[in-house]
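Notes to accompany the following structure.
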Amino acid sequence: MKTKWIELCKTYSSNQESIEQIWQILLKRHSEPHRFYHNLNHLEYLLNLIECHRSIINKPNLMMFSVFMHDIIYDTSATDNEEKSAEQAEIFLQQLNIKPIEIQYIKQQILATKKHEFNTDSDTNIFLDFDLGILSGLEHDYKLYSQKIRQEYQIYNDEIYYPGRKLVLESFLQKKAIYHTKILGKDAEQKARLNIKNELKGIG
């Protein structure tokens with residue numbers, strides 16, 4: 001993954017020191033002990049999806065930056081992780097000489113992950129679908145994902161966690177569509193809704 005980061009950054013910057021320093025911060029943040037799902041594996045999953053679908057993504061490099069930056073800040077007791085991640089991303093991207101208009105674009109993609117609502121930008125919709133790709137995964141993979149999310153929120157007891165988790169899951173089911181594109185396959189929407197309903201049955 002570090003190789004992908006370096007190759008991406010070198011397209012815009014020759015400042016090897018900044019590239020390395022930012023990578024070390026990304027590595028440290030995504031290796032925090034409370035991250036069981038939102039970690040380096042999640043980044044690798046998203047980067048692989050971009051690589052697989054690069055031909056239909058308009059701005060794959062900018063989306064890769066969004067992937068690397070969208071979970072820089074991840075505090076399960078906070079409600080402004082996306083905003084803080086976008087702010088931190090701007091600082092890093094300025095150090096890499098990314099154009100201001102492109103920085104704003106990346107920030108908007110990061111902020112879009114807060115609500116995962118339909119966006120007028122096609123790449124952003126693809127990015128949002130990638131970010132929620134696990135919801136339409138195989139039953140075993142989805143269960144593992146839900147267990148990891150529970151671990152990330154272990155500071156809360158069951159009486160607090162599960163009502164909150166239920167609200168989140170129900171909000172997905174209330175959406176007209178969880179996914180905004182067909183990039184994950186024609187059956188992704190159905191699979192995601194089935195996985196979510198099965199998790200809700202377990203919550204009771």
Side-chain angles (χ1 to χ4, degrees), residues 1 4-13 15 18-19 21-23 25-27 29-30 32 35 37-40 42-76 78-136 149 168 171-172 174-184 188-189 192:
M1 190 186 304
K4 291 181 180 179
W5 168 255
I6 293 174
E7 290 177 350
L8 173 64
C9 293
K10 282 186 174 180
T11 306
Y12 302 86
S13 174
N15 190 333
S18 290
I19 293 173
Q21 287 178 345
I22 296 171
W23 167 254
I25 294 173
L26 291 172
L27 180 62
R29 294 282 178 83
H30 289 87
E32 291 169 334
R35 293 182 185 244
Y37 177 75
H38 293 90
N39 52 27
L40 293 171
H42 177 55
L43 297 191
E44 187 68 32
Y45 169 78
L46 296 177
L47 292 171
N48 286 339
L49 283 174
I50 292 175
E51 193 61 36
C52 289
H53 300 281
R54 179 177 284 269
S55 63
I56 59 173
I57 299 172
N58 296 316
K59 303 173 183 177
N61 281 359
L62 300 190
M63 190 183 294
M64 288 178 71
F65 276 122
S66 294
V67 167
F68 278 112
M69 304 286 181
H70 78 292
D71 285 327
I72 296 175
I73 306 298
Y74 188 67
D75 178 357
T76 55
T79 59
D80 59 352
N81 288 319
E82 293 83 4
E83 290 84 354
K84 287 185 176 180
S85 291
E87 292 171 3
Q88 184 66 74
E90 181 171 20
I91 295 172
F92 288 156
L93 294 169
Q94 287 173 343
Q95 295 176 25
L96 298 172
N97 298 320
I98 309 301
K99 295 177 181 178
I101 190 171
E102 293 179 328
I103 292 176
Q104 291 306 310
Y105 179 83
I106 294 166
K107 286 180 64 179
Q108 287 305 311
Q109 282 196 336
I110 293 172
L111 292 171
T113 63
K114 190 176 186 72
K115 296 184 178 180
H116 283 89
E117 295 178 343
F118 180 81
N119 198 281
T120 56
D121 177 68
S122 61
D123 272 11
T124 299
N125 286 327
I126 291 173
F127 174 55
L128 294 177
D129 283 2
F130 284 169
D131 195 37
L132 295 181
I134 188 61
L135 298 184
S136 61
I149 294 297
V168 170
S171 71
F172 279 122
Q174 290 166 5
K175 289 177 178 288
K176 183 178 180 180
I178 295 173
Y179 296 119
H180 307 304
T181 73
K182 297 295 185 181
I183 197 164
L184 296 176
E189 184 77 21

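The two atoms that bring M63 and I57 nearest to each other are CE-CG2, 3.5 Å, heavy atoms only. When all heavy atoms are compared, the tightest approach of K107 to A86 is CG-O, 3.7 Å. Here the closest heavy-atom approach between residue F68 and residue H30 is recorded as O-CE1, 3.6 Å. The minimum heavy-atom distance linking Y12 with N97 is given by the pair O-CB, 4.0 Å. Across Q109 and S66, no two heavy atoms sit closer than the pair OE1-OG, 2.6 Å.
Taking CD of E7 as the reference point, atom CD1 of I19 lies at 11.0 Å (rounded to 0.5 Å). Annotation: the span from Y37 atom OH to Y45 atom OH amounts to 6.5 Å, rounded to 0.5 Å. Note: S18 OG to Q94 CD = 12.0 Å, rounded to the nearest 0.5 Å. Atom CD1 of I178 and atom CG of L135 lie 6.5 Å apart (nearest 0.5 Å). Distance CG/N48 to NZ/K4: 4.5 Å, rounded to 0.5 Å. Between the CD1 atom in I56 and the CD1 atom in I183 there is a gap of 3.5 Å [rounded to 0.5 Å].
Contact check for I50 versus F130: side-chain heavy atoms found under the 4.5 Å cut-off. Taking the side chain as every heavy atom from C-beta outward, L26 and I72 approach each other to under 4.5 Å. In this structure the side chain of I73 reaches within 4.5 angstrom of the side chain of R29, judged on heavy atoms. Looking at heavy atoms from C-beta onward, N61 lies out of side-chain contact with E102 at the 4.5 angstrom threshold. A 4.5 Å side-chain heavy-atom check between H53 and I126 finds every atom pair outside the cut-off.
Aromatic ring pairs are classed by plane angle as parallel below 30°, tilted from 30° to 60° and perpendicular above 60°; the pair H38 and H42 is perpendicular.
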So Q108 and T124, side chain to side chain contact (heavy atoms under 4.5 Å, CB included) or not? Walk me through it. CA-CA 9 Å; Q108 287 305 311; T124 299; over 6 Å; no

Evaluation steps, side chain to side chain contact (heavy atoms under 4.5 Å, CB included), between L93 and M69: CA-CA 9 Å; L93 294 169; M69 304 286 181; 4.1 Å; yes

From CA spacing to verdict: side chain to side chain contact (heavy atoms under 4.5 Å, CB included), L27, W23: CA-CA 6 Å; L27 180 62; W23 167 254; 4.1 Å; yes

Before you tell me yes or no, could you show the steps for Y74 and N39 under side chain to side chain contact (heavy atoms under 4.5 Å, CB included), namely the whole-Å CA-CA distance, both residues' side-chain angles and the distance that decides it to 0.1 Å? CA-CA 10 Å; Y74 188 67; N39 52 27; over 6 Å; no

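With hydrogens and angles ignored, the 3.5 Å screen pairs a side-chain donor or acceptor of N81 with a backbone N or O of D75. Although no hydrogens or angles enter the test, the distance criterion places a donor-acceptor pair under 3.5 Å between the side chain of Y179 and the main chain of S136.
Counting only residues at least two apart or in different chains, salt bridge (Lys or Arg N to Asp or Glu O under 4.0 Å) contacts with residues 51-69 comprise E51-R54.
No more than 12 heavy atoms of other residues, nucleotides or ligands shown are found within 6.0 angstrom of NZ on K84.
With sequence neighbours excluded, the residues that form a side-chain hydrogen bond (donor to acceptor under 3.5 Å, both in side chains) with D129 are T181.
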Identify each donor-acceptor pair in which a side-chain atom of residues 112-119 lies under 3.5 Å from a protein atom, sequence neighbours left out, and give them as a table.
from : atom 1 : to   : atom 2 : distance (Å)
T113 : OG1    : I110 : O      : 2.6
K114 : NZ     : T79  : O      : 2.5
K114 : NZ     : E82  : OE1    : 3.4
H116 : ND1    : T113 : O      : 3.0
H116 : NE2    : D131 : OD2    : 3.0
N119 : OD1    : D121 : N      : 2.8

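Remark: of the listed residues I98, I106, I103, I103 is the sole one forming a side chain to side chain contact (heavy atoms under 4.5 Å, CB included) with E90.
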